[in-house]
Amino acid sequence: MEKTLNRIRPVSDPEAMYFLQVSWEKDLGAGFGITLSDGQCAWTGAVSEAEISREAADVEMNREKYVGELKKALIAGEESAGRYNFAISRDDENMECHFSYERNLKDGSFRLGSLKLQKVLSPVEVVKELIGYCLDCLGRLQSKTEHLQKENERLFRCWSDTEKRLEKCVEAKEELEADLYNRFILVLNEKKAKIRNLQKLLNEAKESAAAAKYTR
Amino acid sequence: MEKTLNRIRPVSDPEAMYFLQVSWEKDLGAGFGITLSDGQCAWTGAVSEAEISREAADVEMNREKYVGELKKALIAGEESAGRYNFAISRDDENMECHFSYERNLKDGSFRLGSLKLQKVLSPVEVVKELIGYCLDCLGRLQSKTEHLQKENERLFRCWSDTEKRLEKCVEAKEELEADLYNRFILVLNEKKAKIRNLQKLLNEAKESAAAAKYTR
Amino acid sequence: SPDTKEHFAREYDCYGDSYTADTDVTQLKEVFSRMKDNE
């Protein structure tokens with residue numbers, strides 16, 4: 001069961017504040033429940049899948065698009081602030097309340113949907129449930145935050161370690177290059193010394209042969 | 001102003017649920033306010049800094065340690081579940097409520113503190129404030145979670161990039177080593193070929209000189 | 001000229017490294033840099 005809880009102010013009485021809880025199974029488009037409370041009284045109602053289809057047809061909107069609008073109006077909360085209006089009309093005599101929601105446009109508004117809510121006989125249980133729901137969400141979110149915080153610290157350490165290993169690799173590469181060149185030079189210069197020596201001996205042998213030939 | 005909100009069940013009536021809101025400025029030890037509600041009625045009260053000192057003296061506990069206990073009992077919430085007991089005694093006639101809290105020990109319990117709370121004339125405002133407080137906390141925590149999530153993804157990308165650079169560095173180091181050896185071998189072998197050639201010429205010169213000497 | 005060619009062939013290997021003069025890091029790096037990759 002998915003749930004959201006938001007604060008709303010009815011257009012008919014902007015000073016008043018109500019808490020709107022919407023609940024649904026998997027997909028809002030398959031139907032949803034509404035609980036409305038002013039902190040003292042509470043009303044509940046539901047909108048079925050068929051009613052959603054009918055409302056969508058009434059406003060001549062594609063059903064998927066209509067459900068998208070419902071989500072923004074009823075669930076999104078602060079993100080949709082100002083774009084949707086709510087009207088609450090209480091009928092305490094009949095223990096009812098008429099709740100409607102409309103989309104606010106630049107040049108007017110159009111009704112999205114409405115339903116009749118029944119007054120709850122034991123509103124204190126609803127109030128407790130609302131506060132309890134909030135505390136449970138807070139608890140879960142707190143755990144998630146702590147987990148993310150730990151994960152971030154872990155990722156930072158991993159990144160930091162890898163940066164150090166990269167630095168070491170770059171250093172090692174530079175050291176390897178320098179080391180190899182030093183070794184190569186030693187070996188090459190040994191061979192060059194050998195060559196110089198052999199050339200000297202060859203020159204001496206040639207001079208000796210030339211001198212012997214001259215003597216002869 | 002710091003605030004916390006938790007659910008508590010009084011020992012005298014474990015089925016009943018109350019919401020305990022504690023508020024304080026900077027440090028709980030400097031005094032705190034209490035708001036208690038069962039979702040329908042509400043009571044408020046405060047404990048001053050002097051009263052905290054007196055209570056600490058009464059239970060013969062070091063003040064700092066006593067404030068630590070108060071934090072665990074009144075603020076920590078689920079973490080302290082079972083370790084602290086609460087007693088709520090309502091006096092509706094006098095619009096009061098006696099609230100006390102004690103530390104639960106293996107072999108008994110000892111009273112931490114207590115205070116008389118005054119019944120609030122307009123409990124619906126308290127209820128609205130409690131739900132509103134929860135929604136505000138949820139909103140802030142949600143933002144924090146989203147920020148941590150983004151940070152998490154950024155750190156992962158950084159780590160991932162650095163791992164790739166490390167892989168490339170390791171490869172480059174291996175390639176450098178192979179490349180330098182290959183070049184060195186070519187240059188070295190030129191020197192060895194030269195040495196072989198010079199040795200051959202020297203041998204030929206020596207044999208020629210020896211043959212000439214013999215002929216002479 | 002043929003003489004110059006012969007002189008260089010005597011003094012330097014085909015990679016431009018002297019047969020007789022000792023080399024150092026700078027000179028060897030230069031020799032290596034002149035060597036084509038496909039060699």
Salt bridge (charged side-chain N to carboxylate O under 4.0 Å, His left out) assessment of A:Lys192 paired with C:Asp13 | CA-CA 11 Å; A:Lys192 290 175 190 220; C:Asp13 69 15; over 6 Å; no
Given side-chain contact (heavy atoms from CB on, under 4.5 Å), test C:Lys29 with A:Glu177 step by step and report yes or no.
-> CA-CA 10 Å; C:Lys29 278 188 177 174; A:Glu177 192 179 4; 4.1 Å; yes
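Within a 6.0 Å sphere centred on CZ of A:Phe86, heavy atoms belonging to other residues, nucleotides or ligands number more than 12. Residue A:Arg183 qualifies as open at atom CZ: its count of foreign heavy atoms under 6.0 Å is 12 or below. Crowding of A:Lys191 atom NZ: a count of heavy atoms from other residues, nucleotides or ligands under 6.0 Å exceeding 12. C:Phe8 CZ: 12 or fewer foreign heavy atoms inside a 6.0 Å radius. Surrounding OH of A:Tyr133 are more than 12 heavy atoms belonging to other residues, nucleotides or ligands, all under 6.0 Å away.
Nearest heavy-atom pair, A:Ile195 versus C:Tyr19, reported as atom, atom and distance to 0.1 Å: CD1-O, 3.6 Å. Contact detail for A:Leu188 and C:Leu28: the closest heavy-atom pair is CD1-CD1, 3.7 Å.
Taken from CG in A:Leu186 to OG1 in C:Thr23, the straight-line distance is 11.5 Å, to the nearest 0.5 Å. Summarising the geometry, atom CG belonging to A:Leu198 is positioned 12.0 Å from atom OG1 belonging to C:Thr20; distances are rounded to the nearest 0.5 Å.
Using cut-offs of 30° and 60° for the angle between ring planes, the A:Phe184 and C:Phe32 rings count as perpendicular.
In this structure, no portion of A:Glu190 lies under 4.5 Å from any heavy atom of chain C.
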